There are 2 protein chains.
Amino acid sequence: MKMSGGVEWAVHCCVVLSQAEGPVPTQRLAEYHGISRTYLAKHLQQLSRAGLVTSTEGRVGGYLLTRAAEDITVLDVILAIEGTEPAFRCTEIRMNGPFPPSPQACKRPCGVNRVMQAAEQAWRSSLRSVTIADLAAGVTDDNGPQTFDRVREWLAT
Amino acid sequence: MKMSGGVEWAVHCCVVLSQAEGPVPTQRLAEYHGISRTYLAKHLQQLSRAGLVTSTEGRVGGYLLTRAAEDITVLDVILAIEGTEPAFRCTEIRMNGPFPPSPQACKRPCGVNRVMQAAEQAWRSSLRSVTIADLAAGVTDDNGPQTFDRVREWLAT
DNA sequence: GAGGGTTTACTCGGATATATAATGTCCGAGTCCCTTCGG
DNA sequence: CCGAAGGGACTCGGACATTATATATCCGAGTAAACCCTC
């Protein structure tokens, strides 16, 4: 039960992208965060496939958010990187036992599975309630109001 | 972000153990669920290390719950198998950037990390609210009241 | 028949291989800006 | 001076190694019941 490290990278990148005025290439995002450029590219592709960011090629190309930062939740990013499959996958081992439940009882998911799904729903709800815009606001709170002005300036160079 | 399959096994085993009258060996638990004996043994060891079950060796040995099923939550089992480490591990990549936050701002965890921790707390709370006894009650609801009578009978053979 | 020592079968526990997924890297396809050449 | 065509450099995208984790397995250490032999 370990979340991919790429999730952290992707979320931070989305925060930066929410403050950018134009497309930001992978190279720039990677050196901003001090991480591997080639590996970050892989995760940005996943964000692209999920429709969170759009990519433009060419000399001044790069990545751009497809919608407002207020409309992108942290959960969206996580699902884009990790996939939409739930963490817990029921293998229905209750069927293997000497007393398998009746066919009609099997219509409902296994009790263990129900508990796991409920917990994952709680987890997702919590993550759905926070947007990239919220995180950006948190950065200005923690790190000063003019932080993103300097970031934009740095991105322009 | 995939949970170990052993969690499912361990939870189901705890439900069975909650209904057992004496120690149940790994062999019995494995064939009851139709799973690998040797691999299940590994997970039962983890439950033992976490203090959820106690093991008795010898001819009529096996595993036994250390406390009442009402006092064992699903979260307890998951933490025993998966470990207590959170799924999300912050690597503090905010430090690598050209504008690292001030030392005093770094006293607080990264904003991304705070969101992830909150979500994981919600997840854990949900799992903490369900006990092995609750799951056992669910089985009798789904599968008939005399289900565990037959299970006890089967375990005795 | 009773008691004690020994055997024995059964248990758990940790050390050891294999399969799968996460991590990290590389090179090719495509595109847009910039230069340059002609009118 | 203006316009268009060509070159070039930069971008993304998917295919390819490497490492960590999850999965699966095996054999040795320990224990308690059962047996047998002696008294």
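Nothing here was measured: the structure is a model prediction, and the numbers come from that model. Note on naming: letters A, B, ... go to the chains in the order of the sequence lines (proteins, then strands), and numbering restarts at 1 for each one.
Put simply, CD on A:Gln27 is 17 Å from P on D:dA9, counting in whole angstrom units. Look at CD on B:Glu8: it is 17 Å from P on D:dA22, rounded to the nearest Å. A straight line from CD1 of B:Ile81 to P of D:dA22 spans 12 Å, rounded to a whole angstrom. Across the protein-nucleic acid pair, A:His43 atom NE2 and D:dC12 atom P stand 15 Å apart, rounded to whole Å. Rounded to whole angstrom, the span from the CG atom of A:Leu44 across to the P atom of C:dG24 amounts to 15 Å. For A:Leu64 and D:dT11, the CG to P distance is 15 Å, given to the nearest whole Å. The OH-C1' distance, from B:Tyr39 to C:dA19, rounds to 11 Å in whole Å. One interatomic measurement links the two molecules: CG of A:Leu40 to C1' of C:dA22, which rounds to 16 Å at whole-angstrom precision.
An OP1 or OP2 oxygen of D:dT11 is reached within less than 4.0 angstrom by no side-chain nitrogen or oxygen of A:Ser55. An OP1 or OP2 oxygen of C:dT23 is reached within less than 4.0 angstrom by a side-chain nitrogen or oxygen of A:Ser4. At the phosphate of C:dC12, neither OP1 nor OP2 sits under 4.0 Å from any side-chain N or O atom of B:Gln45. Contact annotation: B:Lys2 reaches the phosphate of D:dT23 (side-chain N/O to OP1 or OP2, under 4.0 Å). Side-chain nitrogen and oxygen atoms of B:Thr26 include at least one within less than 4.0 Å of the OP1 or OP2 phosphate oxygen of C:dC12.
Here B:Asp142 pairs with A:Arg114 in a salt bridge; the nearest charged N to carboxylate O distance falls below 4.0 Å. A salt bridge does not link A:Arg108 to B:Asp141: none of the charged side-chain nitrogens sits closer than 4.0 Å to a carboxylate oxygen.
Neither side chain, B:Gln117 nor B:Gln121, offers a donor N or O lying under 3.5 Å from an acceptor on the other.
Judged by distance alone, with hydrogens and angles left aside, A:Lys42 brings a side-chain donor or acceptor within reach of the base of C:dG24, the pair sitting under 3.5 Å.
Looking at heavy-atom distances under 4.0 Å, B:Ser36 makes contact with sugar-phosphate atoms alone, never a base. Residue contacts for B:Arg49: at a heavy-atom cut-off of 4.0 Å it reaches the sugar-phosphate backbone alone, with no base atom in range. Residue B:Thr38 is classed as a base contact, given a heavy-atom separation below 4.0 Å to a base. Among the atoms of the strands shown, only primed sugar atoms or phosphate atoms (P, OP1, OP2) are found under 4.0 Å from some heavy atom of A:Met1.
With sequence neighbours excluded, no residue satisfies side chain to side chain contact (heavy atoms under 4.5 Å, CB included) with A:Pro103.
Counting only heavy atoms from C-beta on, A:Trp9 has its side chain closest to C:dG24 among D:dC10, D:dA33, C:dG24. The side chain of B:Pro25 sits closest to C:dT11 out of C:dT11, C:dC33, D:dA33.
When the nearest nucleotides of DNA chain C are assigned to A:Glu57 and A:Gly6 by heavy-atom distance, the more 5′-ward of the two goes with A:Gly6.
At a threshold of 4.5 Å between non-hydrogen side-chain atoms, the residues A:Leu127 and A:Thr73 do not count as touching.
Annotation for B:Arg89: atom CZ counts as buried by contact number, over 12 foreign heavy atoms lying within 6.0 Å.
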